[in-house]
K.L.:
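Got a structure for you, written out below as structure tokens; questions coming shortly.
Chain naming here is simple, since letters A, B, ... match the order of the sequence lines and numbering starts at 1 in each. It should be emphasised that the depicted structure is a prediction, and the values quoted were computed from it without experimental measurement.
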Amino acid sequence: MQLFQQQKLYLYNSLSGKKEPFKPINEGYVGMYVCGPTVYSNVHLGNVRTFMSFDVIFRYLKHLGYKVRYVRNITDAGHLENDADAGEDKITKKARLEQIEPMEIVQRYTVDFHNILNTFNFLPPSIEPTATGHIIEQIELIKNIIDNGFAYVVNGSVYFDVHKFNKTHDYGKLSKRKLEDLIHNTRELDGQSDKKNPQDFALWKKAEPQHIMRWPSPWSDGFPGWHLECTAMSTKYLGDHFDIHGGGMDLKFPHHECEIAQNEAAKGQTPVNYWMHANMLELNGQRMSKTTGNIINPGELLSGNNKIMSKAYSPSVIRFFMMQSSYRSVLDLTDSGLLGSEKGFYRLMDAFNTLESLKPSTRSSINIADWKQACYNAMNDDFNTPILIANLFEAVKYINQVKEGSETLTSEDIVLLQETIHTFIFDILGLENVSKTESGTDKLSAAVGVLIKLRQEARANKDFAMSDKIRDELAEAGIQLKDGKDGTSFSVN
RNA sequence: GGUGUCGUGGCCGAGUGGCUAGGCUCAGCUCUGCAAAAGCUGCUACAGCGGUUCGAAUCCGCUCGACACCUCCA
């Protein structure tokens, strides 16, 4: 019996705007596709948040016993900078600015992306395909769409005919837009266009002579349109109809809308049962923006080498901070927010680390099985990590109360509590155990141990001038002594 | 202008038609030689105005405000 047969998972489907019970197409198997980054610069912190949300979703689905195939692409064929016909793609532009090959740009920032994600303890996806590795599949897809009459060729470029498609299909069903409204509100673009209608989008673009990234096709030497790669790669590895498609909220329109249209036009069926969108990350109440300088990249946040935050934050603290809000809410990244999360996170860790030293009783005064199910209920409700964390803090209270003797637990319940917390904190939330309190194994601990002993002797002799001197000078060196009932421990700041 | 999301206590941030998450801050207490650390206890909020209801912060309408998308962006 797998866990998913006992735990009823609900998830919010952007398509219906409601929470729905999760039913995979094939029982026990889940296919999930998430739109990955365009690797033309350092990974954006907002990107990290989005992928972290899906990392936790991936982890929880796996924990429930599903066999999950998680596909997250790398976009290494540049998208055009704008919708006009004459445009430079982002990767080519960056390559020109840095005077190196486009593929050097791709390589450099793919490595950066992986490094940052590893730092944040992400699980690797099952497949990480690249756009340039699937040009043939994209060309085949375009042929299908043309054959089915939903695309037209102009001057070596191919465009998707949105107006024709909308006559027999519902273009806009994901983003709740009406084609008529789009027609009404489309701005006039400067460059002259080969498109029949402004709402049409490119499937294939003929390359200008100076364009470096180009491939041969039946229509021209050129490059694929920017919505096509996800359709090609998702259906190649997950089939024409799969379970979950995710991405950032900003991709809902037009990117995901176009993916639906492409798939329906090419394959005659809608591609995805559950669309999931992670919301945006703001910095100090404003969207991150390079032009205003209101931006911080993951490396700067981790190193503390920035002018926005008061200090460096560890990957788990940042992860914990992000997990304290729902993936569907806008999250505001602030220094005080991170400080608060840091304190709470260490309190949680310290409680977990004292679990093994709890003294068992013959009976339990707390129902741990109920508490455990409450943790599952939180995650089953559209991956509600804030409620899960609230439950984990309930456990912190239990642990401290047992430690104080006001509540009791049997040894079986202590083990159950320990295993459950471990599962949720480390396996599902993906946090790492970083206790601030030293265990006393390395040389620093030995040295501080000597000072603690000297201080204890001074205190026993009521030589408080000496004992306070030891305490204060250690504090100045960044070592804080903590007096407890069972002796003195210390933490390094 | 259009579409969508949302406005919660000092701050962050969940959730729900009646049982009033959680974290941080703050206050009091315990512990301590004094502190710190740790723990315990306390702090009853849901933008405004109408309506539905026995009862709404939760449903509906309007107003105000924020954010996102509509143009590259996770």
K.L.:
Please find out if less than 6.0 Å separates the ring center of A/Phe223 from that of A/His211.
P.N.:
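Yes, ring centres under 6.0 Å apart.
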K.L.:
Please determine, for the side chain of A/Thr50, which listed nucleotide (B/A36, B/A74, B/A21) has the closest atom?
P.N.:
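That would be B/A74.
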K.L.:
Please report, rounded to the nearest Å, how far the P atom of B/G13 is from the CZ atom of A/Arg49.
P.N.:
9 Å
K.L.:
Can you check the distance between B/A36 and B/A45, where both ends of the measurement are the C1' atom (answer in whole Å)?
P.N.:
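It comes out at 33 Å once rounded to the nearest Å.
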K.L.:
With rounding to the closest Å, how many angstrom separate the P atoms on B/C19 and B/C43?
P.N.:
16 Å
K.L.:
Provide, to the nearest angstrom, the distance between the OH atom belonging to A/Tyr398 and the P atom belonging to B/C40.
P.N.:
13 Å
K.L.:
From NZ of A/Lys176 over to C1' of B/U3, roughly how many Å is that when rounded to an integer?
P.N.:
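Checked: the NZ to C1' distance equals 11 Å.
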K.L.:
Going by purine N1 to pyrimidine N3 plus the second Watson-Crick contact, or the G-U wobble pair, all under 3.5 Å, which nucleotide sits opposite B/U58?
P.N.:
none
K.L.:
Find out whether the Lys NZ or Arg CZ of A/Arg177 is both under 6.0 angstrom from the six-membered ring centre of A/Phe253 and within 45° of the ring's axis.
P.N.:
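The answer is yes, since A/Arg177 meets both limits relative to A/Phe253.
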K.L.:
Among B/A14, B/C69, B/G39, which nucleotide sits nearest the side chain of A/Glu404?
P.N.:
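Of the options given, the side chain of A/Glu404 lies nearest B/G39.
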K.L.:
How about A/Ser325 and A/Arg49: does a side-chain donor come under 3.5 Å of a side-chain acceptor?
P.N.:
yes
K.L.:
Write down the distance between CD (A/Gln324) and P (B/C11), rounded to a whole number of angstrom.
P.N.:
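After rounding, the reported distance stands at 17 Å.
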K.L.:
Please determine whether a side-chain nitrogen or oxygen atom of A/Arg287 lies at a distance below 4.0 Å from atom OP1 or OP2 of B/A68.
P.N.:
yes
K.L.:
Where each residue is assigned the nucleotide of RNA chain B containing its nearest heavy atom, which of A/Glu394 and A/Ser175 is assigned the position nearer the 5′ end?
P.N.:
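Taking each residue's closest nucleotide, the earlier one in sequence belongs to A/Ser175.
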K.L.:
Using purine N1 to pyrimidine N3 plus N6-O4 or O6-N4 for Watson-Crick, or N1-O2 and O6-N3 for G-U wobble, both under 3.5 Å, which nucleotide pairs with B/G17?
P.N.:
none
K.L.:
Please report the distance separating the C1' of B/A74 from the corresponding atom of B/G18, rounded so that it comes out in whole Å.
P.N.:
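Per the computed distance, 40 Å lies between those C1' atoms.
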K.L.:
Just checking, is any N or O donor in the side chain of A/Gln138 or A/His134 under 3.5 Å from an acceptor N or O on the other one?
P.N.:
no
K.L.:
Tell me whether the side-chain N/O atoms of A/Arg347 come closer than 4.0 Å to OP1 or OP2 in B/C24.
P.N.:
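Yes, within the criterion.
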K.L.:
Could a donor-acceptor pair under 3.5 angstrom be found where the side chain of A/Ser467 meets the base of B/G33?
P.N.:
yes
K.L.:
Between B/C40, B/G4, B/G22, which one does the side chain of A/Phe393 approach most closely?
P.N.:
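Per side-chain heavy atoms of A/Phe393, the pick is B/G22.
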K.L.:
Which base sits across from B/C69 as a Watson-Crick or G-U pair, both distances under 3.5 Å?
P.N.:
B/G2
K.L.:
Please measure how far the C1' atom in B/G13 lies from the corresponding atom in B/U8, and state the result in whole Å.
P.N.:
9 Å
K.L.:
Is any side-chain N of the basic residue among A/Arg459 and A/Asp463 closer than 4.0 Å to the acidic one's carboxylate O?
P.N.:
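Salt bridge absent between A/Arg459 and A/Asp463.
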K.L.:
Would you call A/Phe464 stacked on B/G33, i.e. ring centres under 5.5 Å apart with the planes less than 30° off parallel?
P.N.:
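Taking the rule of under 5.5 Å and under 30°, the ring of A/Phe464 does stack on B/G33.
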K.L.:
Please state how far atom CG in A/Leu429 lies from atom C1' in B/G22, giving the value in whole angstrom units.
P.N.:
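Whole-Å distance recorded here is 14 Å.
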K.L.:
For B/G39 versus B/C73, give the span between their P atoms, rounded off to a whole number of Å.
P.N.:
46 Å
K.L.:
Between atom NZ in A/Lys343 and atom P in B/G39, what is the gap in whole Å?
P.N.:
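To the nearest whole Å, that distance equals 10 Å.
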K.L.:
Applying a 4.0 Å non-hydrogen cut-off, can you work out what A/Gly46 is touching in the nucleic acid: base, sugar-phosphate, or nothing?
P.N.:
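Result for A/Gly46 = base.
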K.L.:
Nearest to the side chain of A/Ile387, which nucleotide is it out of B/C70, B/A14, B/U41?
P.N.:
B/A14
K.L.:
Describe, in one word, how the ring planes of A/His256 and A/Trp275 are oriented to each other, choosing from parallel (under 30°), tilted (30 to 60°) and perpendicular (over 60°).
P.N.:
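Plane angle between 30° and 60°, so tilted.
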K.L.:
Measure from the side chain of A/Asp468, starting at C-beta and using heavy atoms only, and say which of B/A14, B/C67, B/C34 lies closest.
P.N.:
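So the nucleotide nearest the side chain must be B/C34.
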K.L.:
What is the distance, to the nearest angstrom, from the CD1 atom on A/Ile296 to the C1' atom on B/A74?
P.N.:
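Atom CD1 in A/Ile296 sits about 18 Å away from atom C1' in B/A74.
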K.L.:
Between A/His255 (NE2) and B/C70 (P), how many Å, whole number?
P.N.:
13 Å
K.L.:
Classify the side chain of A/Arg471 and the base of B/A36 as holding, or not holding, a donor-acceptor pair under 3.5 Å.
P.N.:
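In this structure, the two groups form no donor-acceptor pair.
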K.L.:
What's the closest nucleotide to the side chain of A/Leu331 if the choices are B/G23, B/C34, B/G13?
P.N.:
B/G13
K.L.:
Looking at B/A14, I'd like to know if its phosphate oxygens (OP1 or OP2) sit under 4.0 Å from a side-chain N or O belonging to A/Ser329.
P.N.:
yes
K.L.:
Could you tell me how far B/G15 sits from B/U5 if I compare only their P atoms? Round to whole Å.
P.N.:
15 Å
K.L.:
So, A/Glu282 and A/Arg287, do they make that salt bridge, N to O below 4.0 Å?
P.N.:
no
K.L.:
Pick base, sugar-phosphate or nothing for A/Leu251, based on heavy-atom distances below 4.0 Å to the nucleic acid.
P.N.:
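Touches sugar-phosphate only.
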K.L.:
Give a yes or no on whether a salt bridge exists between A/Arg319 and A/Glu432, defined as a side-chain N under 4.0 angstrom from a carboxylate O.
P.N.:
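No, no charged N to carboxylate O under 4.0 Å.
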K.L.:
What nucleotide, of B/G39, B/G22, B/A37, holds the atom closest to the side chain of A/Lys482?
P.N.:
B/A37
K.L.:
Could you say whether A/Lys403 or A/Ser336 is positioned toward the 5' end of RNA chain B, judged by the nucleotide with the nearest heavy atom to each?
P.N.:
A/Ser336
K.L.:
Within the 4.0 Å heavy-atom criterion, would you say A/Glu282 contacts the bases, only the backbone, or no part of the nucleic acid?
P.N.:
sugar-phosphate
K.L.:
What integer number of Å spans the C1' atoms of B/U53 and B/G17?
P.N.:
9 Å
K.L.:
Tell me which nucleotide, if any, is Watson-Crick or G-U wobble paired with B/U30 when both distances must be under 3.5 Å.
P.N.:
B/A38
K.L.:
For A/Asp483, which contact category applies under a 4.0 Å heavy-atom criterion: base, sugar-phosphate, or nothing?
P.N.:
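Touches a base.
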K.L.:
Report yes if a side-chain nitrogen or oxygen of A/Asn279 is closer than 4.0 Å to either non-bridging phosphate oxygen (OP1 or OP2) of B/A68; otherwise report no.
P.N.:
no
K.L.:
Given the rule in the ring-ring contact (aromatic ring centres under 6.0 Å, His included) test, do A/Tyr159 and A/Phe201 qualify, once you have shown the distances and angles that lead to the verdict?
P.N.:
CA-CA 6 Å; A/Tyr159 296 96; A/Phe201 56 90; 9.2 Å; no
K.L.:
Can you identify which nucleotide, out of B/C70, B/A35, B/A74, has its nearest atom closest to the A/Leu281 side chain?
P.N.:
B/A74
K.L.:
Considering Watson-Crick and G-U wobble pairs with both distances under 3.5 Å, what does B/G22 pair with?
P.N.:
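B/G22 is paired with B/C12.
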K.L.:
Would you say A/Asn384 reaches B/A14's phosphate, i.e. side-chain N/O to OP1/OP2 under 4.0 Å?
P.N.:
no
K.L.:
Between B/A27 and B/A68, how far apart are the C1' atoms? Round to whole Å, please.
P.N.:
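Roughly 40 Å separates the two C1' atoms.
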